[in-house]
Amino acid sequence: MNADKENQGLIGVHRRSSATISNRIGRLLLAWYRKAYRDLPWRRTCDPYRIWVSEIMLQQTRAAAAIPYYQRFLERYPSVEALAAAGEADVLAIWSGLGYYSRARNLLRAARQVAAAGHFPEEIEALKALPGIGDYTAAAIASIAFGRPHAVVDGNVLRVVARVRNEPADIGAAATRRRFGEIAQAWLARRDPGGFNQALMELGATVCRPRNPLCTACPISAACQANQAGTAAQLPVKLRRVEPVEVREARLLVERSGRVLLRRRELSLGRLAGFWDLPSPDQLPAARLGVPLGEFRHSIAHHRYRIAVARAQAKKPPAGYGIFAWMDPGQLERVPLSTTARKALKLAAKARTATCPRA
DNA sequence: AAATCGGGGAA
DNA sequence: TTCCCAGATTT
């Protein structure tokens with residue numbers, strides 16, 4: 001939008017020159033993408049709902065990690081109406097393990113809005129009005145599902161733009177993201193906005209990678225100023241860097257006739273609200289501690305956890321310490337289960353086979 | 001503008 | 001280990 005305004009303000013010869021360069025990048029990217037694209041599940045559909053689900057799952061998540069979740073999710077909820085009719089706990093159960101659970105909650109809320117409206121929004125502003133859909137996702141859905149001419153700005157795009165223009169500006173700054181977005185918008189191939197956006201992101205994911213960029217295999221290396229300057233590996237510049245916080249915690253594994261004791265986190269909590277996890281020692285004060293099973297690491301954002309797991313015995317869950325339940329393996333798959341619980345159970349299973357090979 | 005989100009994989 | 005991923009939302 002802004003790039004268009006800028007172009008309109010230029011005199012003819014400059015405008016044509018600028019447009020020629022822009023179109024060349026768009027054309028080269030589309031031609032390359034047709035041959036080099038990865039055959040990912042969400043690229044086999046034009047269904048806006050499926051494209052939407054993929055874009056939400058792909059937020060801050062690699063394609064490889066999202067694929068199994070995407071398949072299961074659409075098997076369970078094949079349409080926006082099916083999703084709108086689901087309960088939140090069921091949706092979170094399917095999502096559990098993928099992280100950033102507000103994505104799932106917002107997706108469900110938005111699905112209910114879309115189902116109630118009776119139609120899927122096609123304009124970028126209407127898309128952005130839905131919960132969980134911000135600038136990137138709105139542009140992605142509008143362009144890929146509906147052919148609207150909006151350039152996406154994600155981590156890949158920021159990296160490619162920084163290198164092509166040899167720009168050392170901090171990509172963490174809002175002003176830089178806006179400016180880089182205008183550059184991507186100027187590159188956009190109007191005949192196929194969705195294809196162009198996917199091509200630009202695919203280039204960032206497979207060729208113009210964060211480390212060890214494959215410049216010799218790049219379809220736009222001739223237009224890349226960082227490639228000419230030899231600075232590609234130093235770009236993009238990202239100044240803000242938060243120090244990770246180390247946290248040590250403990251969990252208790254209490255088993256009784258094939259079931260394990262779990263505790264549900266309060267619904268009022270901001271994070272993992274309503275998720276089930278193994279109880280910690282302070283949540284099970286009467287438990288008799290058993291053998292330690294080891295510890296595992298867990299990381300999210302800038303938190304790094306080391307969680308020790310020990311066996312324990314308890315006759316019954318204590319009153320006043322929250323909601324507890326004994327669950328069998330089948331139940332565990334049907335509730336929102338925290339990844340720490342999953343890792344703790346895995347650790348226990350490993351300890352079991354190590355000490356008792358028959359089991 | 002900066003923090004938060006309770007994942008995870010590649011190098 | 002570190003970095004950062006098809007980011008959005010809240011503070």
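For the pair A:R43 (side chain) and A:R38 (backbone), a donor-acceptor distance under 3.5 Å is present. Within the 3.5 Å criterion, the main-chain N or O of A:A93 finds a donor-acceptor partner in the side chain of A:S96.
Within 4.0 Å (heavy atoms only), A:G172 reaches no atom of the nucleic acid at all. In this structure, A:W42 reaches the bases: a heavy-atom distance under 4.0 Å links it to at least one base atom across the strands shown. A:S54 comes within 4.0 angstrom of no nucleic acid atom, judged by non-hydrogen atoms across all strands. Residue A:N197 is out of contact with every strand shown, counting any heavy-atom pair closer than 4.0 Å. Counting non-hydrogen atoms under 4.0 angstrom, A:D135 reaches the backbone sugars and phosphates but no base. Contact annotation for A:T339: backbone-only contact, meaning every heavy-atom pair under 4.0 Å involves sugar-phosphate atoms and none involves a base. Using a 4.0 Å heavy-atom criterion, one finds that A:R342 contacts no nucleic acid atom at all. Looking at heavy-atom distances under 4.0 Å, A:R159 makes contact with sugar-phosphate atoms alone, never a base.
Taking atom C1' in both B:dC5 and C:dC4, one finds a spacing of 15 Å when rounded to whole Å. For B:dG8 and C:dT9, the P atoms lie 22 Å apart once the distance is rounded to whole Å. As rounded to the nearest Å, B:dG9 and C:dA8 have C1' atoms that lie 22 Å from one another.
Linking ILVMFWY residues whenever their side-chain heavy atoms come closer than 4.5 Å, directly or via other members, places A:F296 and A:L332 in the same cluster.
Note: NZ (A:K346) to C1' (B:dG8) measures 12 Å, nearest angstrom. In this entry the distance linking OH of A:Y100 with P of C:dG7 reads 10 Å, nearest Å. Here B:dG8 presents its C1' atom at 14 Å from CZ of A:F296, a figure rounded to the nearest Å. Computed from coordinates, the A:R105 CZ to B:dC5 P distance equals 12 Å when rounded to whole Å. One interatomic measurement links the two molecules: OH of A:Y69 to C1' of C:dA6, which rounds to 18 Å at whole-angstrom precision. We find that NZ of A:K343 is positioned 8 Å from P of B:dG7, with the value rounded to whole Å. In this structure, CD of A:E55 is placed 5 Å from C1' of C:dA6, rounded to the nearest angstrom. Distance A:I300 CD1 to C:dC5 P: 15 Å, rounded to the nearest Å.
Contact annotation: A:R103 side-chain N/O to B:dG7 OP1/OP2 distance is not under 4.0 Å. Between A:Y101 and B:dG7 there is a side-chain polar atom (N or O) within less than 4.0 angstrom of OP1 or OP2. Put simply, A:R304 has a side-chain N or O that comes within less than 4.0 Å of OP1 or OP2 on C:dT2. Applying the 4.0 Å criterion to OP1 and OP2 of C:dA6, one finds that A:T61 has every side-chain N and O outside that range. Dashed line: the shortest gap from a side-chain N or O of A:Q60 to OP1 or OP2 of C:dG7 is under 4.0 Å.
Using a cutoff of 4.0 Å between basic side-chain nitrogens and carboxylate oxygens, A:E88 and A:R109 are not scored as salt-bridged. By the 4.0 Å N-to-carboxylate-O rule, A:R248 lies close enough to A:E295 to be salt-bridged with it. Note on A:K238 versus A:D170: no salt bridge recorded, every NZ/NE/NH1/NH2 to OD/OE distance being 4.0 Å or above. A salt bridge links A:R251 with A:D277: the distance from a Lys NZ or Arg NE/NH1/NH2 to an Asp or Glu carboxylate oxygen falls below 4.0 Å.
By the 6.0 Å and 45° rule, A:R72 stacks over the aromatic ring of A:Y69. Remark: A:R256 is positioned above the aromatic ring of A:W326, its terminal NZ or CZ atom under 6.0 angstrom from the ring centre and at most 45 degrees off the axis.
Nearest to the side chain of A:R297, among C:dA6, B:dG8, C:dT1, sits C:dT1. Of all nucleotides listed (B:dA10, C:dA6, C:dC4), C:dC4 comes nearest to the side chain of A:P210. Considering only side-chain atoms of A:R265, the nucleotide from B:dG6, B:dG8, C:dA6 that sits closest is B:dG6.
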Using the 3.5 Å cut-off, write out each protein N or O paired with an N or O of nucleotides 1-4 of chain B and the distance between them.
unit_1 : atom_1 : unit_2 : atom_2 : d
B:dT4  : OP2    : A:H302 : NE2    : 3.3

Give each protein N/O atom lying under 3.5 Å from an N/O atom of nucleotides 9-11 of chain C, with the pair distance.
unit_1 : atom_1 : unit_2 : atom_2 : d
C:dT9  : OP1    : A:G132 : N      : 2.5

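On a pure distance criterion of 3.5 Å, a polar donor-acceptor pair joins the side chain of A:S299 and the base of B:dG8.
The aromatic rings of A:Y70 and A:W42 lie perpendicular to each other, with more than 60° between the two planes, well past the 30° mark.
Here the straight-line distance linking atom CD1 of A:I183 with atom CZ of A:R165 works out to 4.0 Å at 0.5 Å rounding.
In this structure, A:R306 and A:Q59 both approach DNA chain C, and ranking their closest nucleotides by distance from the 5' end singles out A:R306. Of the residues near DNA chain B, A:S102 and A:R62, the one whose nearest nucleotide (by heavy atom distance) lies more toward the 5' end is A:S102.
Proximity of the aromatic rings of A:Y33 and A:Y37 is defined here by a centroid distance below 6.0 angstrom, and this criterion is met.
Look at A:Y305 and the base of B:dG6; the rings stack, centres closer than 5.5 Å and planes less than 30° apart.
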